[in-house]
Structure formats: structure tokens, C-alpha cells
Amino acid sequence: MPPTMTTDALSRHQILSDRDFLDQFERAELDKSLFNHTGHLRAAFLFLQREPMLLAQRHYTAALKRYAESLGAPEKFHATITYAILAIMSARQGVQRCASWREFIQRNPDLANHADQLLNQYYHLKTLQSDEAKKSFVLPDKATLAKMISASNEASAVS
């Protein structure tokens with residue numbers, strides 16, 4: 001489970017502007033200390049801010065794989081977790097319309113602090129740990145994808 005994000009951690013993460021962060025990430029030159037769980041979420045948000053969901057998913061995935069390869073860790077990419085989190089983020093941003101990544105992450109602390117618990121509402125652990133889920137997107141097996149997105153929208157409306 002990722003550590004709880006503190007205001008200090010969020011501030012440290014803002015060393016680079018969004019543009020510089022994304023440029024360095026896409027070129028696979030981003031300092032790996034900036035690409036923890038928070039970095040994953042920030043990059044995903046910036047892609048979703050720039051492009052519609054399906055294009056963001058394609059481009060973010062390609063950049064993420066490139067970045068993982070540059071670190072010598074291509075096996076760390078997990079398709080289902082990546083796509084599910086992007087879908088949740090896209091649904092929430094569709095309702096919240098946050099102007100910045102910082103605003104978005106402050107309004108969605110569950111993504112920063114408890115993403116595993118969020119995914120466990122929709123997926124059995126065995127499913128997420130499967131080779132199939134790691135290599136390609138697997139639909140939720142506890143609840144439908146539509147319910148996942150609907151619940152994200154409802155959570156966003158309350159935030």
C-alpha cells in the first residue's frame with residue numbers, strides 16, 4: 001500500500017512544473033525519485049487533462065512502458081491497474097473539473113492513499129495478481145466497469 005500523502009510530500013513533488021514533469025516522463029528522463037505512486041497519478045492526470053480518455057490511455061501506457069524499460073523494470077507495468085485507475089480518474093475529473101493536478105489529488109485522497117482498497121472494491125486480489133491482468137486489461141470481477149465509473153462519479157459529486 002502506498003504511504004499516506006502529506007502536504008509536504010505533495011509540495012516536494014511540485015519541484016517540476018507539470019509541463020517539465022510530463023516532458024521528462026515521456027522522454028523517460030524523469031528522476032525516478034519523482035515517479036512513485038504520486039508520480040504515476042500525476043502523469044495519468046496530465047495525460048487525461050491533455051487528451052480524451054482512450055487517447056490518454058494509449059499514450060500514457062506507451063510512456064509508462066518506455067519509462068519502466070529505461071529503469072530496467074519493464075515487468076512492473078500492470079495493464080489492469082493502469083487502465084482501471086485511469087478510468088476512475090477520468091470519471092472523477094469529468095464531474096469535478098479540477099483545474100490542476102494538485103487540486104485533483106487533494107479532492108481524491110483515496111487515489112493517493114488507498115488505491116489498493118479502491119481497486120479491491122471491484123477486483124478480487126487473485127484476479128489482479130494474475131498474469132492475464134498484468135498483460136492486458138481485465139474487466140472488474142466484483143462489480144461492473146459501469147458501476148466502477150458510476151461510483152467514482154458519485155464520490156466526486158460528494159467531494
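Considering all non-hydrogen atoms of both residues, Q106 and P109 come closest at O-CD, 3.6 Å. Across all non-hydrogen atoms, the minimal contact from Q121 to K142 is O-CB, 3.6 Å. Of all heavy-atom pairs between L119 and A84, the closest is CD2-CB, 3.7 Å. Considering every non-hydrogen atom in both G39 and F21, the closest pair reads O-CZ, 3.6 Å. Here the closest heavy-atom approach between residue H59 and residue E51 is recorded as ND1-OE2, 2.7 Å. Closest approach of F104 to Q93, counting heavy atoms only: CD1-OE1, 3.7 Å.
A heavy-atom distance below 4.5 Å is not found between the side chains of I15 and D20. Side chains of L48 and W101 form no contact here, defined as non-hydrogen atoms less than 4.5 Å apart. The closest side-chain heavy-atom distance from N108 to R92 is below 4.5 Å.
With hydrogens and angles ignored, the 3.5 Å screen pairs a side-chain donor or acceptor of H37 with a backbone N or O of L111. T80 contributes no side-chain N or O that, together with a main-chain N or O of L139, makes up a donor-acceptor pair within less than 3.5 Å. Side-chain atoms of S130 come within 3.5 Å of backbone atoms of T127 as a donor-acceptor pair (strictly under, hydrogens ignored). In terms of modelled atom types and a separation under 3.5 Å, the side chain of S90 and the main chain of L86 share no donor-acceptor contact.
Between the side chains of Q49 and D18, no donor N or O sits under 3.5 Å from an acceptor N or O.
Rounding to the nearest 0.5 Å places OG of S136 at 10.0 Å from NE2 of H78. Note that CZ of F45 and CZ of R50 are 13.0 Å apart. Values are rounded to the nearest 0.5 Å. Note: T38 OG1 to I105 CD1 = 7.0 Å, rounded to the nearest 0.5 Å.
Taking the six-membered ring where tryptophan is involved, the planes of Y67 and F25 are tilted, since the angle between them lies from 30° to 60°. Classification of the F35-H40 ring pair by plane angle, with boundaries at 30° and 60°, yields tilted.
L16 and L46 fall within a single hydrophobic cluster, where Ile, Leu, Val, Met, Phe, Trp and Tyr side chains are chained together by heavy-atom contacts under 4.5 Å. Placement of F137 and M89 within a single hydrophobic cluster is found when ILVMFWY residues are connected by side-chain heavy-atom separations under 4.5 Å, directly or transitively. There is no path of hydrophobic side-chain contacts, each under 4.5 Å, that joins I85 to L55. Clustering ILVMFWY residues whenever any of their side-chain heavy atoms sit less than 4.5 angstrom apart, transitively, puts V138 in a cluster other than the one holding M53. Note: the hydrophobic cluster containing I81 also contains Y60 (ILVMFWY, side chain heavy atoms under 4.5 Å, direct or indirect links).
For E103, the CD atom counts as densely surrounded, since its 6.0 Å shell holds more than 12 non-hydrogen atoms of other residues, nucleotides or ligands. With a 6.0 Å radius and a threshold of 12 heavy atoms from other residues, nucleotides or ligands, R58 has its CZ atom at or below the threshold.
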